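I have placed the structure first, in the form of C-alpha cells, so that the comments after it can refer back to it.
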Amino acid sequence: AQSVAQPEDQVNVAEGNPLTVKCTYSVSGNPYLFWYVQYPNRGLQFLLKYITGDNLVKGSYGFEAEFNKSQTSFHLKKPSALVSDSALYFCAVRAQTGGFKTIFGAGTRLFVKA
Amino acid sequence: ETGVTQTPRHLVMGMTNKKSLKCEQHLGHNAMYWYKQSAKKPLELMFVYNFKEQTENNSVPSRFSPECPNSSHLFLHLHTLQPEDSALYLCASSRDRDTDTQYFGPGTRLTVL
C-alpha cells in the first residue's frame, strides 16, 4: 500500500530565512515523488518531481527537494523564503510499478512573515 | 493559467437538485481526473479517465456520475447530494496516466444545503 505523510499542518518562517516542508512516504519499490503548491482560490500547481537520478531536484520559484531513500523522505526546501511563498503545499507519491494511483498528503500550510 | 478550466467556480445546490460540473483542458492531454478537496483532509482521487475510458473509480457514491465525451472534456454530474459533499472539486489532466505530472484547474467550490 502507498501512503504519504506531511507531519506538520503548518510551518511558520520569517522572510529571508530558509524553509523546509517535510514529507515522508511509503511505497512498494521505487517511487515517483511530487510537490504541488496551492494558492488561495486556485487549483494545485506542479512544483517539482523526482523520477530517478540526482537526489536533489530543483523546481519552480527557487524550490528544491531532496530524495532520501533510507529515510523515505522528500522534504521541500528553499534557501530564502518570500512572503509570496505563503500557500498550501502538497507532497504526492506514486509507485513506479504496479498501480498507477498518485497519493497526496494532507497538505502543509506555509506562512512567511515579513 | 494551467490550461485547465472549470465551470462553474462556485455552486450552491439543494439536496434534491441535479447539477453538473464541467472541466476542459487545452493541453492535448489524454488522462483526466476528478478530485475532492475537503478542509484538513488529503486530496481524494475520485475518478480517472485515460483516452476517454474510465480506469479508476475510488468507491465514489453513485450520486456522483462522471462523463468523458472526449479527451478534452470531463463532466461530473451531481444528484441528491448530501451536505457532507460540500467541498472543492478539482479537475486535473496529464499527458498520460503514467507520466502523471498533473495540471489542475482552479476548482469548483460546491456547497450543498
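What you see is a predicted model, and the numbers here were worked out from it, not measured in a lab. All chains are named by letter (A, B, ...) in the order of the sequence lines, taking the proteins before the strands, and each is independently numbered beginning at 1.
Under the 4.5 Å side-chain contact rule for hydrophobic residues, A:Phe34 and A:Val21 do not share a cluster. B:Leu78 and B:Leu90 fall into different hydrophobic clusters, where Ile, Leu, Val, Met, Phe, Trp and Tyr side chains are chained together by heavy-atom contacts under 4.5 Å. A:Val112 and A:Phe63 fall within the same hydrophobic cluster, where Ile, Leu, Val, Met, Phe, Trp and Tyr residues are linked whenever their side-chain heavy atoms come under 4.5 Å apart, directly or through other members. Hydrophobic clustering, with ILVMFWY side chains joined whenever heavy atoms are under 4.5 angstrom apart, groups A:Val37 together with A:Leu110. Both A:Val11 and A:Leu19 sit in one connected hydrophobic cluster of ILVMFWY residues. Membership requires side-chain heavy atoms under 4.5 Å apart, directly or through other members.
Heavy atoms closer than 4.5 Å to chain B are found in the side chain of A:Gln38, but not in its backbone. The contact between B:Gln37 and chain A is made entirely by side chain atoms (from C-beta outward), counting heavy-atom distances below 4.5 Å. When heavy atoms are compared at a cutoff of 4.5 Å, B:Leu43 approaches chain A by way of both its backbone and its side chain. Proximity to chain A is limited to the side chain of B:Arg9, based on heavy atoms less than 4.5 angstrom apart.
For residues 70-91 of chain A, the interface with chain B (any heavy-atom pair closer than 4.5 Å) comprises A:Leu88, A:Phe90, sorted by residue number.
The shortest heavy-atom contact between B:Pro42 and A:Phe104 is CB-O, 3.6 Å.
Ring geometry for A:Phe46 versus B:Tyr103: interplanar angle of 30 to 60°, hence tilted.
Atom OG1 of residue B:Thr101 and atom CG of residue A:Leu48 lie 10.0 Å apart, to the nearest 0.5 angstrom. To the nearest 0.5 Å, the span separating OH on B:Tyr35 from CG on A:Leu44 amounts to 9.0 Å.
Heavy-atom neighbours of B:Asn70 CG from other residues, nucleotides or ligands within 6.0 Å: above the threshold of 12.
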